[in-house]
Every structure is written in structure tokens, then in C-alpha cells.
Undergrad: 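To start, I am sharing the structure in question, which I have written as C-alpha cells.
Naming: A, B, ... by sequence-line order, numbering from 1 per chain. Bear in mind the structure is a predicted one, so any value in this text is a computation, not a measurement.
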Number of protein chains: 2
Amino acid sequence: MKAKNSLNPALVVESALRIVDEQGLEALTVRKVADEFGVTPMALYWHFSNKEALLDAVGDLVVSTVREPDPKLPLEDYLREAMGALVEAMRSHPGATPLLLTRMLTNQVGRDITEATLDKLMSAGCDAQKAASIAHYALMISMSLVSGQPGADVTVKPAEREEAVAAKLAILQSLPDDRYPRLRAAAPSFVDCADAAGYYGDAIDIFVNGVMVDLRALARS
Amino acid sequence: MKAKNSLNPALVVESALRIVDEQGLEALTVRKVADEFGVTPMALYWHFSNKEALLDAVGDLVVSTVREPDPKLPLEDYLREAMGALVEAMRSHPGATPLLLTRMLTNQVGRDITEATLDKLMSAGCDAQKAASIAHYALMISMSLVSGQPGADVTVKPAEREEAVAAKLAILQSLPDDRYPRLRAAAPSFVDCADAAGYYGDAIDIFVNGVMVDLRALARS
DNA sequence: ACCTGAACACCGTTCAAGT
DNA sequence: ACCTGAACACCGTTCAAGT
């Protein structure tokens with residue numbers, strides 16, 4: 001009935017990523033992917049040892065779209081570029097963001113970017129531990145910016161976002177103005193991200209500036 | 001057979017948090033909590049409308065342990081104290097960390113800390129949007145530091161951590177030394193956190209210093 | 001008011017069997 | 001080599017029923 005070799009692993013991964021994009025990471029199910037190919041859930045287990053392996057492959061697919069910054073850039077610029085490139089790739093697939101954590105140390109592209117980042121930091125005087133910390137901070141911050149972008153909650157399905165945003169705003173606006181005046185004023189910004197470019201740019205600036213302050217202090221001692 | 005009123009909601013939440021601490025967030029199951037009280041899963045639905053409500057309550061329990069910094073502290077110190085207090089509370093319950101995101105805007109304690117933080121920032125010249133961004137960054141960074149602390153992966157059950165760490169390290173150490181010298185040197189730090197206090201302190205320093213640079217630039221314009 | 005019992009629509013995964 | 005079918009041990013949740 002069913003043709004053999006109908007299941008191209010690369011297509012399966014693409015399909016899984018599409019589901020993550022459209023319905024969120026939690027909605028990704030082995031059975032759903034199988035349905036997309038008109039196949040039994042167990043068919044996937046021939047190509048992927050388990051669901052985790054499939055998720056890793058989805059993560060690899062996203063990491064492979066990360067633009068690699070020029071390794072010849074000076075540290076400060078390289079850091080900015082690397083974080084920007086990560087954010088850009090993840091914003092195209094916000095639901096897949098958590099999958100990138102492990103990939104930066106196991107995937108080809110991820111490892112190359114990590115190695116270059118470490119090299120810049122250690123050339124600037126960091127020891128291995130400090131360099132690892134800073135590289136790790138940069139990744140975690142990039143990830144959490146995307147995962148936590150106001151109005152783009154990863155745990156909420158794309159379809160239900162507008163209502164969720166409106167509901168949150170209504171709750172905050174109903175707070176007593178004498179006790180929470182600042183929170184009420186800032187409520188729209190907490191609930192939805194009016195200026196996404198600014199949201200990411202400011203955070204990267206703050207982090208990179210902080211790192212540079214840290215490194216200058218290191219150089220003085 | 002079973003005594004009535006045997007289910008104290010506060011005790012249920014504590015029990016749920018204990019399960020999260022011992023087995024991780026993903027292992028928390030309505031059925032498991034019910035078993036702890038020798039009760040049918042459905043018994044919990046009388047006290048919590050669904051699992052999400054139970055999780056929110058667990059989040060509230062953790063937020064309630066966050067030490068509230070002195071609101072009279074100057075901005076820079078307040079930021080440090082607030083992030084430190086958040087990190088401290090979350091480190092006691094790493095598995096529950098993701099639950100804090102929503103709680104900082106809905107819970108009493110969370111709202112008070114958020115309001116104080118916003119007030120400091122806006123008094124220092126930020127508009128509402130910038131203040132919201134920075135407060136949000138501070139929370140996201142604190143959360144991601146704990147969630148992503150090397151060697152304390154939240155997605156790995158506490159019991160299986162040692163092996164997981166050793167396995168990761170072995171993989172990184174097997175990389176070609178000519179291509180990934182920095183990564184190999186930094187591998188132990190990526191895989192396990194030798195100096196937790198330094199890991200958190202450095203990140204908070206970097207962020208707070210970055211914020212101060214940003215605010216000084218703002219004041220000049 | 002508070003809890004049980006049975007059932008439903010899901011999961012990921014095993015294992016043996018088909019082609 | 002590649003996929004199916006049936007089954008297992010789980011999920012969260014509904015709904016009616018008990019006390």
C-alpha cells in the first residue's frame with residue numbers, strides 16, 4: 001500500500017519545525033508529524049531513535065541558519081554580531097528557541113561560533129572559565145530575549161496571542177493607581193513589544209557594554 | 001473510607017514543589033501529587049481548576065520566598081539586590097524557575113518588587129518603555145542564569161546529573177585540538193559550574209554595569 | 001462541600017510481524 | 001531496509017455519582 005522510502009528524514013525535520021512554528025513546541029508530537037506523511041507514528045522511529053533525537057535535529061536545522069560573524073571582527077563587534085545573528089535566527093522560529101541551548105556545543109555551526117567567541121575573549125585576557133561564562137551568558141540572554149519577548153510568549157499558541165495580550169493588559173490596568181503607578185504606566189510595554197528592534201538592540205548593548213567594562217577592569221588589575 | 005477535608009490546598013502546593021525539587025518540573029503530574037495524599041487525581045480538581053492553576057500556586061509559593069530589597073537603595077544597588085534575591089530564591093527550587101515569569105506581574109511580592117524597580121528606573125530618567133524593558137531583562141537574565149547553570153540542567157533529573165555531566169565533557173574533550181582549542185580548554189566550565197557564586201555575581205555585575213552605562217548615555221543626551 | 005469511578009482523548013515507546 | 005499493528009504505561013480532564 002505505502003511506498004517504501006517515503007520518509008525522507010530531512011523532510012520530516014522540516015515538517016516538525018513547521019509544526020513548532022505554527023503551534024508551538026509543546027504541540028509537537030510524534031503522531032502529528034507522522035500524520036503529515038500519512039504514516040504510522042512508529043515509522044519515524046526507524047529514522048530517529050526517539051523524540052529527543054527528532055528535536056535535536058530540529059535544533060540543528062535552526063542553528064544551521066545562523067549567520068556566522070566575521071571572525072576577524074574585534075571582540076566588541078563580534079559579540080554584537082554573534083548575539084544579533086542568534087536572535088535573528090531564533091526569531092524566525094521562536095518556538096524552537098529552547099532547542100538551541102545544547103546545539104551550540106554539539107552542532108558544527110554552533111561550535112564554530114562558540115570557538116570564535118571564546119578565542120576573542122581569551123585573547124582579550126579572560127581565562128578559560130571567564131570566557132566560558134561570558135559566552136554562556138551571551139547565549140542564554142539571546143535565548144531568553146526571544147523566548148520572553150513580550151507579546152510573543154512561547155507557551156501560548158500563535159493563534160491565541162491577541163486575546164492573551166489583551167487579557168494581561170486588562171489585569172494590569174485594573175491595579176490600584178496609588179500603589180502601582182509605575183507598573184500601570186509600563187503595562188503596555190510588559191504585555192506587548194512595540195519596538196522589537198529596540199527591545200533586542202538595547203539588551204545586546206547593555207550586555208556588551210557590561211562585558212567591556214568588566215574586561216577593562218580585568219586589564220587594570 | 002477517606003476522611004473529608006483531607007486535602008489542604010497549601011499542603012498540596014508544598015507537595016507539588018517538593019516533587020519539582022526532587023524530580024524536575026516535567027515530572028510533576030497531577031496523579032503523582034494525588035498519590036502523595038492517597039487520593040484520586042480528580043480530588044485535586046476541587047481545589048485547583050486545572051494543572052496550570054496548581055503550577056501558578058507553586059510559582060507563588062516560590063516568589064513568596066524572595067527577599068524584598070530595601071526600596072530606599074539607590075538604583076544600582078537595588079538592581080543588584082533584586083537580581084540577587086531572585087536568583088537566591090530560584091536556586092532553592094531550580095525546577096520551578098520557569099514558573100516565576102508570569103508571577104512577577106501577578107503575584108503580590110512580585111508586583112511590589114517590579115514596581116520598585118520601575119520606580120527607580122523612571123526616577124533615573126527612563127521612560128515607561130525603557131524601564132519595562134530593563135526590568136524585564138533583569139528578570140529574564142536571572143531566570144536563565146538559574147535554568148541554564150552549567151551542571152544543573154533543569155531538563156535533567158537531579159539523580160542523573162553526574163553521568164550527564166561526565167558524558168558531555170567526554171564529547172567536548174574528544175574534539176580535534178587544532179580546530180577547537182579554546183572550546184576544549186573551556187569545556188569543564190561549560191559542563192559544570194565550579195564557582196557558582198562567581199557565575200551569578202559576574203553576570204549580575206555585567207548587566208548592572210551595562211545598564212548604568214546606558215543610563216549615563218541617556219542623561220547626556 | 002468534597003471526593004470517587006469510569007471513561008475519553010491523548011501521549012511516547014516496545015515489540016513482533018509484515019513486505 | 002523500512003514500515004505496520006497491537007499493545008503498554010502513562011498523561012490531563014469530563015462528567016455523573018456517591019457521601
Undergrad: Ignoring hydrogens and geometry beyond distance, is a side-chain donor-acceptor pair present between A/Y200 and A/Q149 at under 3.5 Å?
TA: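 On atom types as modelled, these side chains qualify, holding a pair under 3.5 Å.
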
Undergrad: Distance check: side-chain N/O of B/T29 vs OP1/OP2 of D/dC11, anything under 4.0 Å?
TA: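 For D/dC11, OP1/OP2 do have a side-chain N/O of B/T29 under 4.0 Å.
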
Undergrad: Is the closest side-chain heavy-atom distance between B/H93 and B/V20 below 4.5 Å?
TA: no

Undergrad: Under 4.0 Å: is that the gap between some side-chain N or O of B/H47 and OP1 or OP2 of C/dC3?
TA: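 The answer is yes; a side-chain N or O of B/H47 sits under 4.0 Å from OP1 or OP2.
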
Undergrad: Starting at atom CZ of B/R31, determine the distance to atom C1' of C/dA6, rounded to an integer number of angstrom.
TA: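 B/R31 atom CZ is separated from C/dA6 atom C1' by 12 Å.
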
Undergrad: Tell me the interatomic distance from B/L28, atom CG, to D/dG12, atom C1', rounded to whole angstroms.
TA: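 Checked: the CG to C1' distance equals 12 Å.
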
Undergrad: Look at the rings of B/F190 and A/H136 and say which category their plane angle falls in: under 30° parallel, 30 to 60° tilted, over 60° perpendicular.
TA: perpendicular

Undergrad: Roughly, in whole Å, what's the span from CD1 in B/I19 to P in D/dC11?
TA: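 After rounding, the reported distance stands at 11 Å.
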
Undergrad: Let me know the distance between OH of B/Y45 and P of D/dA17, rounded to the nearest Å.
TA: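 About 21 Å, once rounded to whole Å.
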
Undergrad: Counting side-chain heavy atoms from CB outward, which of C/dC3, D/dT4, C/dT13 is closest to A/V39?
TA: D/dT4

Undergrad: Tell me which nucleotide, if any, is Watson-Crick or G-U wobble paired with D/dG12 when both distances must be under 3.5 Å.
TA: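 Pairing partner: C/dC8.
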
Undergrad: Between A/K32 and A/S49, which is nearer to the 5' end of DNA chain C once each is assigned its nearest nucleotide?
TA: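 Result: A/K32.
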
Undergrad: In whole angstrom, what separates B/W46's CH2 from D/dA16's C1'?
TA: 14 Å

Undergrad: Please report the distance, rounded to the nearest Å, between CD in B/E26 and P in D/dC10.
TA: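 It works out to 17 Å between those atoms.
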
Undergrad: Taking atom P of C/dG12 as reference, at what distance in whole Å does atom NZ of A/K51 sit?
TA: 4 Å

Undergrad: Quick test of your reading of the model: are B/R179 and A/D112 salt-bridged, counting only N-O distances below 4.0 Å?
TA: yes

Undergrad: Could you tell me whether A/D192 and A/K168 make a salt bridge, using a distance below 4.0 angstrom between a side-chain N and a carboxylate O?
TA: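 No, no charged N to carboxylate O under 4.0 Å.
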
Undergrad: Identify the nucleotide, in any strand shown, that forms a Watson-Crick or G-U wobble pair with D/dT19, with both distances under 3.5 Å; if there is none, say none.
TA: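 Base-paired to C/dA1.
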
Undergrad: Rounded to whole angstroms, how far apart are CG on A/D35 and P on C/dC10?
TA: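 Value for this atom pair: 11 Å.
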
